[in-house]
Amino acid sequence: MKKTLIAVGAGMVLSLGAGNVQAQDGEAAAKELGCTACHAATTKLVGPSYQAVAERYEGDEAKILETVKSNVKNGGSGNWTDVTGGTPMPPQPNATGKTEQLKVIASWISGMAE
Ligand code: HEC
């Protein structure tokens, strides 16, 4: 795995192994839109880890973006019952239509597939 040295602001830790240049932005956008309350990069919180999402969609950025947009707009349930025990994702009105940020998030997630 290639590690990319980018200007990481003091105190900010890139916890992702992917070394993706957009990791920082993706993580920041996810935080800003409130996704991090339920999702972490590599561990399951309320929702599946983004790495698990990346692997399920085989790192297909277009598919992941579609899924992100759909879940944000309409919520989602039943796809991750094995992981979450059946907790649904509620719609995220604060993130709906924030296409640029959702793209950055989808790109960040897609870089996590192994
Ligand atoms: C209140 C908790 C919560 C918040 C906030 C949340 N999610 Fe989720 N998310 C979940 C749960 C639970 C699931 C699993 C749903 C299922 O079983 O289909 C999920 C699933 C997903 C999936 C996988 C969808 C699929 O069908 O494969 C994506 C992608 C996702 N969330 C992205 C996001 C993004 C981006 C945000 C922020 C804008 C966000 N989530 C905010 C709880 C949350």
Side-chain angles (χ1 to χ4, degrees):
M1 216 177 275
K2 219 177 22 172
K3 283 218 174 97
T4 313
L5 264 184
I6 49 173
V8 179
M12 284 197 79
V13 178
L14 261 184
S15 55
L16 263 178
N20 185 334
V21 181
Q22 291 198 311
Q24 218 182 336
D25 291 343
E27 194 161 17
K31 205 168 183 181
E32 200 180 314
L33 297 183
C35 317
T36 46
C38 295
H39 294 280
T42 55
T43 46
K44 176 218 161 235
L45 299 179
V46 177
S49 74
Y50 283 141
Q51 188 170 38
V53 173
E55 282 166 12
R56 176 168 294 186
Y57 298 101
E58 296 170 335
D60 184 331
E61 192 172 332
K63 241 190 245 173
I64 291 171
L65 179 59
E66 211 174 279
T67 307
V68 163
K69 279 190 185 159
S70 150
N71 265 47
V72 160
K73 187 158 185 247
N74 308 311
S77 65
N79 286 336
W80 291 90
T81 305
D82 49 331
V83 176
T84 63
T87 314
M89 174 167 155
Q92 306 292 307
N94 58 313
T96 304
K98 303 251 167 87
T99 314
E100 285 313 309
Q101 275 158 302
L102 297 179
K103 271 190 192 160
V104 172
I105 293 173
S107 161
W108 173 52
I109 295 174
S110 68
M112 291 183 211
E114 302 207 310

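In this chain, numbering begins with 1 at the start of the sequence shown. Each ligand, and each atom within it, is numbered from 1 in the order the structure gives.
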How far is atom 18 (O) of ligand 1 from its nearest protein heavy atom, and which residue and atom name does that atom have? Asn79 N, 2.9 Å
Region of Pro90 engaging ligand 1 - heavy atom pairs below 4.0 Å: side chain
Please evaluate residues Thr99 and Lys69 with respect to the criterion side-chain contact (heavy atoms from CB on, under 4.5 Å), reporting the C-alpha separation (whole Å), side-chain torsions for both, the decisive distance (0.1 Å), and the verdict. CA-CA 8 Å; Thr99 314; Lys69 279 190 185 159; 4.0 Å; yes
Please list, in number order, the atoms of ligand 1 under 4.0 Å from a heavy atom of Ala95. 38 (C)
Val72 vs Lys98, side-chain contact (heavy atoms from CB on, under 4.5 Å): CA-CA, chis, key distance, verdict: CA-CA 10 Å; Val72 160; Lys98 303 251 167 87; over 6 Å; no
side-chain contact (heavy atoms from CB on, under 4.5 Å) assessment of Lys44 paired with Trp80: CA-CA 11 Å; Lys44 176 218 161 235; Trp80 291 90; over 6 Å; no
Name the residue from Lys63, Glu61, Glu58 that meets the side chain to side chain contact (heavy atoms under 4.5 Å, CB included) definition with Ser110. Glu61
A student checking ligand 1 against Val68 at a 4.0 Å heavy-atom cut-off should list atoms 29 (C), 35 (C)
So the atoms of ligand 1 within less than 4.0 Å of a heavy atom of Thr87 turn out to be 12 (C)
Provide the tally of protein N/O/S atoms nearer than 2.8 Å to atom 8 (Fe) of ligand 1. 2
Can you confirm, on distance only, whether ligand 1 has an N/O atom lying under 3.5 Å from any N/O atom belonging to Tyr57? yes
Suppose I only count heavy atoms of Gly34 and a 4.0 Å limit; which atoms of ligand 1 are within that range? 5 (C)
Does Gly78 reach ligand 1, in the sense of a heavy atom lying below 4.0 Å from it? yes
Show me the donor-acceptor pairs within less than 3.5 Å that the side chains of residues 32-41 make with the rest of the protein, sequence neighbours left out.
| unit_1 | atom_1 | unit_2 | atom_2 | d |
| --- | --- | --- | --- | --- |
| Glu32 | OE2 | Gln101 | NE2 | 3.0 |
| His39 | ND1 | Pro48 | O | 2.8 |

For Pro88, atoms of ligand 1 separated by under 4.0 Å from a heavy atom: 12 (C)
Numbered atoms and elements of ligand 1 in range of Thr67, under 4.0 angstrom, heavy atoms: 24 (C), 25 (C), 26 (O), 27 (O)
Considering distance alone, does some N or O of Trp80 sit under 3.5 Å from an N or O of ligand 1? yes
